[in-house]
Protein chains: 2
Amino acid sequence: MTSANVDIFKTLDPEHAGTTSEGVVTQLREMIHRGELRPGDRLPPERDLAKLLGVSRPTLRAGIRSLAAVGVLQSRQGAGTFVVKSDGPPSLDSSPLRLMASLHGFTSAEMFEARLSLEMAVAGLAAERATGDQMATMAEEVAGMYASLDDPEQFLVHDVRFHQTVAASSGNRILTALMNMVATILFETRIKTVKRATDLKESAEMHRNIYRAIREHNPEAARDAMYDHLTRAKRAWDLEEPLHAENGSNGNGNSNGDH
Amino acid sequence: MTSANVDIFKTLDPEHAGTTSEGVVTQLREMIHRGELRPGDRLPPERDLAKLLGVSRPTLRAGIRSLAAVGVLQSRQGAGTFVVKSDGPPSLDSSPLRLMASLHGFTSAEMFEARLSLEMAVAGLAAERATGDQMATMAEEVAGMYASLDDPEQFLVHDVRFHQTVAASSGNRILTALMNMVATILFETRIKTVKRATDLKESAEMHRNIYRAIREHNPEAARDAMYDHLTRAKRAWDLEEPLHAENGSNGNGNSNGDH
DNA sequence: GGCCGTGAATGGTCATACCTTGTTTCGGGT
DNA sequence: ACCCGAAACAAGGTATGACCATTCACGGCC
């Protein structure tokens with residue numbers, strides 16, 4: 001179903017507490033809960049949907065805007081409004097966390113520690129559950145790192161993909177999403193970091209250690225290897241300054257952190 | 001500064017890519033990044049702010065709505081729009097995660113595992129860093145549990161507070177926020193669960209084990225104790241059915257999960 | 001059969017008016 | 001002089017209508 005059936009949209013119940021636009025959000029949210037709206041579905045045009053729900057277009061737009069802000073809906077001018085269809089693993093928008101970091105003055109170190117905990121957790125789970133294909137992919141990425149010791153940009157690609165494969169191997173999409181959310185923020189603050197060849201070699205070896213531990217189905221070793229990797233990587237950067245991103249990216253931050 | 005100084009708001013730069021309302025979001029977000037807007041600040045009235053930024057009121061409202069949806073701003077009719085001031089620890093809105101769970105069919109078991117990983121992580125950190133006051137608070141809550149074995153509702157209060165104290169003791173507000181986000185969703189799906197006295201007694205003992213491990217500054221033991229606690233608790237519930245919340249709560253879900 | 005232009009569909013923005021709800025203030029009563 | 005209530009004001013919420021900007025599809029043209 002590319003376009004949602006019109007019949008499933010009912011006029012808003014007035015007893016829904018709160019403001020009218022909140023009622024719109026509630027109604028659309030419940031339709032998603034009930035599976036009446038699925039990823040990739042296209043909503044009716046705003047003018048029609050406003051009529052169907054019995055609200056004005058600005059009110060409907062306010063509701064759509066709220067759901068778009070949390071990454072559930074996506075509007076494209078001239079095309080329509082769609083339920084977000086994630087091609088890869090589900091991902092959460094990282095801007096709320098980034099804003100919260102700014103508001104409360106979180107340090108990079110604190111953010112890094114959160115990532116460390118999450119990466120260790122997924123590494124442990126991956127050691128228990130990784131399939132042959134997934135382990136093969138990890139091995140390929142490690143090989144790619146060794147082959148890119150003189151090309152930091154290419155190295156970074158393999159690095160990111162390795163961590164994503166580990167996360168996917170954990171079999172827990174929620175932890176994966178949370179990890180990516182944190183990693184994205186850290187990534188943005190040091191995107192310009194230049195790596196030296198010696199650092200890259202050590203990094204590749206660390207990744208290889210992680211792969212081996214997962215290959216041996218040894219969760220403890222995998223956690224330890226991930227700890228070593230990230231802790232050493234942290235030391236290579238200057239993580240002393242407070243968090244202060246100044247980028248202007250909007251929408252879903254789907255760029256993912258590396259190590 | 002209860003009310004933000006008007007001078008800090010500048011007309012929107014037209015070169016900001018994307019739509020106009022996205023420009024509003026970007027501008028306000030950067031002002032938060034730069035610390036020009038702080039928690040508790042009140043924004044100028046919409047009509048004035050729209051003039052200051054050089055956009056129409058509906059467009060401004062769209063931007064405010066986006067930031068309100070992610071829990072950064074809060075509008076109160078008749079009062080004004082404020083930068084969210086969290087009294088307690090910073091918290092992230094759990095609705096994005098809940099919506100994503102609905103969209104991708106996450107199971108309660110998967111959500112539970114994510115919580116388990118997070119709780120084990122914070123328990124380990126708490127064992128390393130908990131202060132005397134924090135440990136004292138934990139002990140009090142454990143005592144409160146034993147004193148409420150015949151009052152499930154009261155027991156629940158101590159239970160929640162114990163877990164929050166552990167999280168706070170970890171010293172990592174990001175992990176704490178993520179944990180609360182996941183715990184909130186699990187909490188909502190089983191709010192009605194009735195506990196038997198025998199379960200409560202076992203639960204209290206499990207919490208006592210966690211406390212002791214933290215008291216001994218033994219991260220491994222703390223993680224293991226938390227694992228035992230949550231794993232046994234999980235067994236006591238029926239976590240077989242898929243996730244299907246049908247509540248209508250909007251805004252920030254700041255109710256926190258227990259076990 | 002493929003390419004390009006044109007137009008309908010659709011979201012984005014704007015202006016304006018009015019309603020609902022908090023907040024404040026001012027006046028009368030105690 | 002203090003307290004309380006009602007009225008005036010302020011501020012966000014909603015509705016209506018119009019117009020602009022972009023996308024996509026259809027159909028004619030080469």
Side-chain angles (χ1 to χ4, degrees), chain A residues 2-4 6 9 11-28 37 40-69 71-85 250-251, chain B residues 2-4 6 9 11-28 40-69 72-85 250-251:
Chain A
T2 286
S3 180
V6 173
F9 296 91
T11 303
L12 214 58
D13 285 343
E15 61 256 38
H16 271 144
T19 63
T20 308
S21 66
E22 281 177 3
V24 173
V25 174
T26 300
Q27 168 120 357
L28 292 177
L37 287 179
D41 277 1
R42 173 184 167 174
L43 269 61
E46 293 184 352
R47 292 162 178 82
D48 299 347
L49 186 50
K51 288 276 190 297
L52 289 171
L53 297 181
V55 300
S56 69
R57 196 176 157 219
T59 303
L60 171 67
R61 279 181 60 76
I64 290 178
R65 186 104 202 158
S66 290
L67 290 172
V72 175
L73 296 181
Q74 183 177 8
S75 293
R76 299 205 315 266
Q77 186 173 178
T81 302
F82 303 83
V83 180
V84 161
K85 171 103 169 179
N250 200 339
Chain B
T2 285
S3 181
V6 172
F9 296 91
T11 303
L12 213 59
D13 286 343
E15 61 255 39
H16 271 143
T19 64
T20 309
S21 67
E22 281 176 3
V24 173
V25 173
T26 299
Q27 167 120 359
L28 292 178
D41 277 0
R42 172 182 168 177
L43 269 60
E46 293 184 351
R47 293 163 177 83
D48 298 348
L49 186 51
K51 289 273 191 297
L52 289 170
L53 297 181
V55 300
S56 70
R57 192 174 160 222
T59 302
L60 171 68
R61 279 181 60 76
I64 290 177
R65 186 101 204 163
S66 291
L67 291 172
V72 176
L73 296 181
Q74 185 177 7
S75 291
R76 297 206 313 268
Q77 187 174 175
T81 302
F82 303 83
V83 180
V84 161
K85 172 105 170 177
N250 200 339

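FYI, side chains are in, hydrogens and waters are out, and symmetry mates aren't considered; it's all heavy atoms of this structure. Keep in mind that what you see is a predicted model, and the values were worked out from it rather than measured. Just so we're on the same page: letters track the sequence lines, and every chain starts at 1.
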(message) Please report the distance, rounded to the nearest Å, between CD1 in B:I64 and P in D:dG13.
(response) 8 Å
(request) Evaluate the side-chain proximity of A:V55 to A:V24: yes if any heavy-atom separation is below 4.5 Å, no if none is. (result) yes
(request) Using atom CG of B:D48 as one end and atom P of D:dA10 as the other, report the distance to the nearest whole Å. (result) 11 Å
(request) Please state how far atom CD in A:E46 lies from atom C1' in D:dT16, giving the value in whole angstrom units. (result) 15 Å
(message) Looking at every heavy atom in both A:L49 and A:P44, which two are closest together, and how far apart are they?
(response) CB-O, 4.1 Å
(request) Take the protein atom CG of B:L60 and the nucleotide atom P of D:dA11, then report the distance between them rounded to whole Å. (result) 14 Å
(request) Encode nucleotides 17-26 of chain D as B, S and - characters from 5' to 3', where the letter depends on protein heavy atoms closer than 4.0 Å: B to the base, S only to sugar-phosphate, - to neither. (result) -BB-BBBS--
(request) Please lay out, stage by stage, how A:L73 and A:L43 fare under the test side chain to side chain contact (heavy atoms under 4.5 Å, CB included). (result) CA-CA 9 Å; A:L73 296 181; A:L43 269 61; 4.2 Å; yes
(request) Find out whether B:Q74 and B:T81 are in side-chain contact, i.e. whether some heavy atom of one side chain is under 4.5 Å from a heavy atom of the other. (result) no
(request) Under the side chain to side chain contact (heavy atoms under 4.5 Å, CB included) rule, what do B:L67 and B:V25 come out as? Steps first, then yes or no, please. (result) CA-CA 7 Å; B:L67 291 172; B:V25 173; 4.0 Å; yes
(message) With a 4.0 Å limit, can you tell me whether A:S21 has a side-chain N or O closer than that to the phosphate oxygens OP1/OP2 of D:dT14?
(response) yes
(message) Using a 4.0 Å cut-off to any heavy atom of chain B, which nucleotides of DNA chain C are the first and last in contact, reading 5' to 3'?
(response) C:dG12 to C:dT23
(message) Whether the A:R65 and A:S21 side chains hold a donor-acceptor pair (N or O, under 3.5 Å, no angle test) is what I'd like checked.
(response) no
(request) Nearest whole angstrom, please: distance from the P of D:dG12 to the CZ of A:R65. (result) 18 Å
(message) With no hydrogens and no angle check, just 3.5 Å: does a side-chain donor-acceptor pair link B:T59 and B:T20?
(response) no
(message) Strictly below 4.0 Å: does A:T20 bring a side-chain N or O up to OP1 or OP2 of D:dG13?
(response) no
(request) Would you check if the side chain of A:R42 reaches a backbone N or O of A:A79 as a donor-acceptor pair within less than 3.5 Å? (result) yes
